[in-house]
Amino acid sequence: MPGKNSVVRNINLLRFLECGSLILAASPLLPAQSKAVTPTFAKDIAPIVYQHCASCHRAGEIAPMSLLSYEEVRPWAASIREKVSTGVMPPWHSAAPRGQFSNDRRLTDSEKELIMRWVAAGSPKGYVKDLPPLPAFTENWEIGTPDAVITMPEPYNVPANGVIDYQNFTVPTNFREDKWVQAIEVRPGTRSVVHHILVFVSGKPPHEAYIQTTPPRPRRGQSGTAKTAETLLATTAPGTNAMVFQPGTAMRVPAGASVRFQIHYTTNGKAISDRSSVGMIFAKQPPEKEMHTSAFFNPLLVLPAGAADVAVPSAIQCDEDVHLTAIFPHTHLRGKSWDYKIVYPDGHTETVLPVPHYDFNWQTYYIFAAPLAAPKGSKLEAVAHYDNSPNNKANPDPTKEVHWGEQTWDEMQYTGINYTVDDESPKQPNSDY
């Protein structure tokens, strides 16, 4: 017969096995972990790449290589893992909570984890039948086929070397009626020499819902340049996407208006020509709200030589009840971060856009998922921080005191904004709808 100690050991073993069975039965994670399936490109990675990467990583776009097939992605697998794990790609520089901006490019934790596991497993291709359809792109246009394309009348010849002042080209729209623009995209003709383009529309005076407060802007009847009947229509810069407005919202281009392309060219050692364009898709019916654009800035900035952290403020005040739809921060190579907050009429403040790691090479219009209400009397305040020290590897010259200027080695403190006015009903005196 077994001894007493043997009986105790057997009873304890039975209890251990029973407890283990309960744990195994109660844990839904263990079976999944024991049968973890290796991710494949076709089934798991291609959907991520197509959704988050393909708009830039395809022929003719800003990215240096295409990532539309396994054969194109596989050689970059290790680099993709590094860029994704460090947050460099997809590029997104705001620390705002996920969901605050509709164009947030960040991957989810589960998407990142799939990429890590796929690379660790040797980056298998998987079955062709599991591949999702390739994303549909209109050749040369992010917004799809435009209803109207306005192009520079003649190519501009960019020399191989030297500094080029901003160039301006004015083109008539030949619109016989007011046009309501639902989507708009500025398309550089030769990306390698076009740094950025601002497109202005004539015949449309700037709206007065916002007034600049820091520093003061000249007003009518004061010294300084009076406002002209021209306003910003669209922008492109490294990393800037086309602008697609929400249904029921559109931007008006007046009948008979002209557009002016203001283009910043940079030479690259090779003489080449450029002929840039702007494309528009029109709303199918008159909008409920007109989209307006404006900007505020601080042209009085001074960055002392060698200074590692210089804060430069600016602000704009709301004259009417409005809803803010997008914010566009812009500095040059010394800019390192931005902070935006709204000060409401009752005095309380709210942070609306923190950008702790500004990147001159990826300039983003941050588009609110839900337009931000700014009652009359609210003030949007911005503070940009600059690094003019030798520690800034992109700094053109840390021994130089820096002021406002158009060229990249100068600096700017500029914010573009899009907004709608609460009590405004779009006027359609010349509408063809």
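If you're wondering where the values come from, they're calculated on a predicted model, not measured in any experiment.
- Between Met116 and Val84 there is a side-chain heavy-atom pair separated by less than 4.5 Å.
- Between the Gln182 side chain and the Phe282 main chain, no donor and acceptor come within less than 3.5 Å of each other.
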Between Tyr366 and Trp92, does a ring pair (Phe, Tyr, Trp, His ring centres under 6.0 Å) hold up when you go through it step by step? CA-CA 10 Å; Tyr366 293 92; Trp92 184 257; 5.0 Å; yes
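- Checked by atom type and distance alone, the side chain of His332 pairs as donor or acceptor with a backbone atom of Asp410 at under 3.5 Å.
- Ring geometry for Tyr344 versus His348: interplanar angle under 30°, hence parallel rather than tilted (30 to 60°).
- Going from atom CE of Met251 over to atom CG of Leu232 covers 7.5 Å, rounded to the nearest 0.5 Å.
- Between Gly189 and Ser276, the closest heavy-atom pair is N-OG, 3.0 Å.
- For Asn392 (side chain) and Asn388 (main-chain N/O), no donor-acceptor pair under 3.5 Å exists by modelled atom type.
- The two atoms that bring His330 and Tyr358 nearest to each other are CA-OH, 3.6 Å, heavy atoms only.
- Using a distance-only test at 3.5 Å, with no hydrogens or angles considered, no donor-acceptor pair links the side chain of Tyr365 to the main chain of Ala326.
- Scanning both residues, Thr108 and Arg98, for their nearest heavy atoms gives N-NH1, 4.3 Å.
- Heavy atoms only, all atoms of each residue included: Gly256 and Thr173 are closest at C-OG1, 4.3 Å.
- Residue Val186 is tested with Val199, Leu233, Thr235 for a side-chain contact (heavy atoms from CB on, under 4.5 Å); the sole match is Val199.
- Summarising the local packing, NZ of Lys341 is surrounded by 12 or fewer heavy atoms from other residues, nucleotides or ligands at distances under 6.0 Å.
- Ser94 places a side-chain N or O within donor-acceptor distance of the main-chain N or O of Pro354, the cut-off being under 3.5 Å.
- For Lys400, the NZ atom counts as densely surrounded, since its 6.0 Å shell holds more than 12 non-hydrogen atoms of other residues, nucleotides or ligands.
- When atom types are taken as modelled, the side chain of Lys336 and the backbone of Ala308 share a donor-acceptor pair closer than 3.5 angstrom.
- A donor-acceptor pair is defined here as one N or O able to donate and one able to accept, closer than 3.5 Å; no such pair exists between the side chain of Glu381 and the backbone of Val343.
- In this structure, Leu114 and Glu111 have side chains that are not in contact, with every pair of non-hydrogen atoms separated by 4.5 Å or more.
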Show me the donor-acceptor pairs within less than 3.5 Å that the side chains of residues 236-247 make with the rest of the protein, sequence neighbours left out.
unit_1	atom_1	unit_2	atom_2	d
Thr240	OG1	Ala237	O	3.4
Thr240	OG1	Gln363	O	2.8
Asn241	OD1	Arg105	NH2	3.2

Which atom pairs, donor and acceptor, lie under 3.5 Å between side-chain atoms of residues 257-268 and protein residues at least two apart or in another chain?
unit_1	atom_1	unit_2	atom_2	d
Arg260	NE	Glu230	OE2	3.1
Arg260	NH1	Asn168	OD1	2.5
Arg260	NH2	Glu230	OE1	2.8
His264	NE2	Gln407	OE1	3.4
Tyr265	OH	Asp274	OD2	2.6
Thr267	OG1	Gly162	O	3.0
Asn268	OD1	Lys270	N	3.2

Donor-acceptor contacts, no H, no angles, side chain residues 71-78, under 3.5 Å, sequence neighbours left out:
unit_1	atom_1	unit_2	atom_2	d
Glu71	OE2	Lys125	NZ	3.2
Glu72	OE1	Ser66	OG	3.0
Glu72	OE1	Leu68	N	2.8
Glu72	OE1	Ser69	N	3.3
Glu72	OE2	Ser66	OG	3.4

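- Side chain of Trp118 to backbone of Pro124: a donor-acceptor contact under 3.5 angstrom is found.
- Listed here is the closest heavy atom pair of Glu424 and His292: OE1-NE2, 2.8 Å.
- Of all the heavy atoms in Thr331 and Tyr386, the pair that sits closest is CG2-OH, 3.5 Å.
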Run Gln413 and Glu411 through side-chain contact (heavy atoms from CB on, under 4.5 Å) and show every step you take. CA-CA 7 Å; Gln413 201 269 28; Glu411 262 305 339; over 6 Å; no
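- One finds the CD1 atom of Ile342 at 10.5 Å from the OG1 atom of Thr349 (value rounded to the nearest 0.5 Å).
- Within 6.0 Å of the CD atom in Glu288, the count of heavy atoms belonging to other residues, nucleotides or ligands does not exceed 12.
- Between the Asp423 side chain and the Asp321 main chain, no donor and acceptor come within less than 3.5 Å of each other.
- Within 6.0 Å of NE2 in His403 there are more than 12 heavy atoms belonging to other residues, nucleotides or ligands.
- Ring-plane geometry between Phe101 and Phe368 is classed as tilted, the angle between the planes lying from 30 to 60 degrees on a 0 to 90 degree scale.
- No side-chain donor-acceptor contact under 3.5 Å links Asp130 to the backbone of Ala42.
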